[in-house]
Protein chains: 2
Amino acid sequence: MENASAGATDELDDQDFLRLDRQVCFSLHAAARAFNGVYRTALKDLGLTYPQYLVMLVLWEDGELPVKKIGERLRLDSGTLSPLLKRLEAAGHVERRRSAEDERSVSVRVTAQGAALREKALAVPRTIAAATGLSLDEVRDLRTRLDRLTAALDGEGREASGEGGAGDCVR
Amino acid sequence: MENASAGATDELDDQDFLRLDRQVCFSLHAAARAFNGVYRTALKDLGLTYPQYLVMLVLWEDGELPVKKIGERLRLDSGTLSPLLKRLEAAGHVERRRSAEDERSVSVRVTAQGAALREKALAVPRTIAAATGLSLDEVRDLRTRLDRLTAALDGEGREASGEGGAGDCVR
DNA sequence: GACAACTAAGTTGCGCACAACTGAATGGCG
DNA sequence: CGCCATTCAGTTGTGCGCAACTTAGTTGTC
């Protein structure tokens, strides 16, 4: 293999690309885990994991949602959500019941205890914001970049599914 | 909800912060998983998972390393690495053997088969780069931002451990 | 030499992520 | 009506990530 693809190389060869890739994918991986760790600490008092917190955030805004909708909002499938919601129910934060109109659907609703938990959760974002050391504008900018990136990656990986409805990815 | 805590708010109240937090932490979480998904697809031919690829990238550069060093490079502990390395060994990509000088240490080395795998891996970064739709400069910029963020989060979470040796976080 | 403090790798247990599958309910179509 | 494709939730199996712990080897001190 001298240079197999003598096509449209910018300026780097495959070796450099591999090296750069190591750096970039490591950075993203590490950043995600570092964030996770900070949330883990901040959420310990609430007895929530990071993904459970994400679910509660969605439910606090909307009050009640079918599992399907939660999955669309958070990009999670039932394989992840079903056991997670079971644990949230076991902890007393949410209730699940099958929908009357459509027996296939399960509606998830925050309990009084779950609503009370929100009061404690109000302190979390400031803790996180402080830990990042970023300004509000920087946070917003970061979010925009990440969403663009996610959209690009999703569009590439699978043929753009009908993501339109959410209204959460653009906002 | 008037405004419960009339503390030192920048301009947003707790409600807004909680809303913004939902968006940011979701974005990061989703971006990391979307990235993971693209790598998963790109790595399917190689028979590697994303974390396994990270380990192989490090080993391809250095040839042979003790488990401890790999962990420092990738920010992973033995609880994650031990079974992962076992699987890489079972697949024939690496060899593990206890160090002669220090019997506590286990040295990991790529096999001939593992080295051959690198040739196939050379195509991966271009695939990923194409999927992101980012230019080289944007990729580098993203990496810088993520590393800064990780450093800030790490420094916050645990009292800055002796991270100095790696030479990978700053580079 | 003996003992305590430390270090490296491995193990266990729990939760998340995802692919693949199951099972029940729904909707369309002849 | 009967049949089939689709949809929704849940289950199973594999692998990662991390906390807590275990085991074995090393080092420092007396």
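Scope of the values below: all heavy atoms of this structure, side chains included, with no hydrogens, waters or symmetry mates. Just so it is clear: chains get the letters A, B, ... in the order the sequence lines come, proteins before strands, and each one is counted from 1. The shown structure was predicted, so the numbers you read here are calculated from the model rather than taken from an experiment.
- Residues satisfying the side-chain hydrogen bond (donor to acceptor under 3.5 Å, both in side chains) criterion with B:Thr144, sequence neighbours excluded, are absent altogether.
- Note that CG of B:Leu146 is 7.5 Å distant from CG of A:Leu142, once rounded to the nearest 0.5 Å.
- Under the salt bridge (Lys or Arg N to Asp or Glu O under 4.0 Å) criterion, A:Glu95 pairs with A:Arg109, not counting sequence neighbours.
- Between B:Glu103 atom CD and D:dT23 atom C1' the separation is 14 Å, expressed in whole Å.
- With sequence neighbours excluded, the residues that form a side-chain hydrogen bond (donor to acceptor under 3.5 Å, both in side chains) with A:Asp102 are A:Arg104.
- Listed by chain and residue number, A:His29, B:Tyr39 satisfy the ring-ring contact (aromatic ring centres under 6.0 Å, His included) test with B:Tyr50 (two or more places apart in sequence, or in another chain).
- Computed from coordinates, the B:Asn36 CG to C:dA19 P distance equals 10 Å when rounded to whole Å.
- Heavy-atom distances to DNA chain C give each of A:Ala100 and A:Leu84 a nearest nucleotide, and the one nearer the 5′ end belongs to A:Leu84.
- Straight-line distance from the NZ atom of B:Lys44 to the C1' atom of D:dG15: 16 Å, rounded to whole Å.
- Qualifying side chain to side chain contact (heavy atoms under 4.5 Å, CB included) partners for B:Val67, counting only residues two or more places apart in sequence or in other chains: B:Leu81, B:Leu85, B:Val106, B:Val108.
- Taking atom CZ of A:Arg40 as the reference point, atom P of D:dC18 lies 6 Å away to the nearest angstrom.
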Within the sub-3.5 Å range, which N or O atoms of nucleotides 7-10 of chain D have a protein N or O partner, and how far apart are they?
{"residue": "D:dT7", "atom": "O2", "partner": "A:Arg104", "partner atom": "NH1", "Å": "3.1"}
{"residue": "D:dC8", "atom": "OP2", "partner": "A:Lys68", "partner atom": "NZ", "Å": "2.8"}
{"residue": "D:dA9", "atom": "OP1", "partner": "A:Val67", "partner atom": "N", "Å": "3.3"}
{"residue": "D:dA9", "atom": "OP1", "partner": "A:Lys68", "partner atom": "N", "Å": "3.4"}
{"residue": "D:dA9", "atom": "OP1", "partner": "A:Val106", "partner atom": "N", "Å": "3.2"}
{"residue": "D:dA9", "atom": "OP2", "partner": "A:Lys68", "partner atom": "N", "Å": "2.8"}
{"residue": "D:dG10", "atom": "OP1", "partner": "A:Arg96", "partner atom": "NH1", "Å": "2.8"}
{"residue": "D:dG10", "atom": "OP2", "partner": "A:Ser82", "partner atom": "OG", "Å": "3.0"}
{"residue": "D:dG10", "atom": "N7", "partner": "A:Ser78", "partner atom": "OG", "Å": "2.6"}
{"residue": "D:dG10", "atom": "O6", "partner": "A:Ser78", "partner atom": "OG", "Å": "3.4"}

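- One can place CZ of B:Arg33 at 14 Å from P of D:dG17, the figure rounded to the nearest angstrom.
- Within 4.0 Å of A:Thr49, counting heavy atoms only, lie sugar-phosphate atoms of the nucleic acid but no base atom.
- Between A:Asp77 and B:Thr80, the one whose closest nucleotide on DNA chain C sits nearer the 5' end is B:Thr80.
- Comment: B:Asp62 does not engage B:Lys69 in a salt bridge, judged by the lack of any side-chain N to carboxylate O separation of less than 4.0 angstrom.
- If you take CG of B:Leu48 and C1' of D:dT14, they are 15 Å apart, rounded to a whole angstrom.
- As a whole-Å value, the separation of B:Ile70 CD1 from C:dG10 P is 10 Å.
- Position along DNA chain D of the nearest nucleotide to A:His29 versus A:Pro83 favours A:Pro83 as the more 5'-ward residue.
- We find that OH of A:Tyr50 is positioned 16 Å from P of D:dA19, with the value rounded to whole Å.
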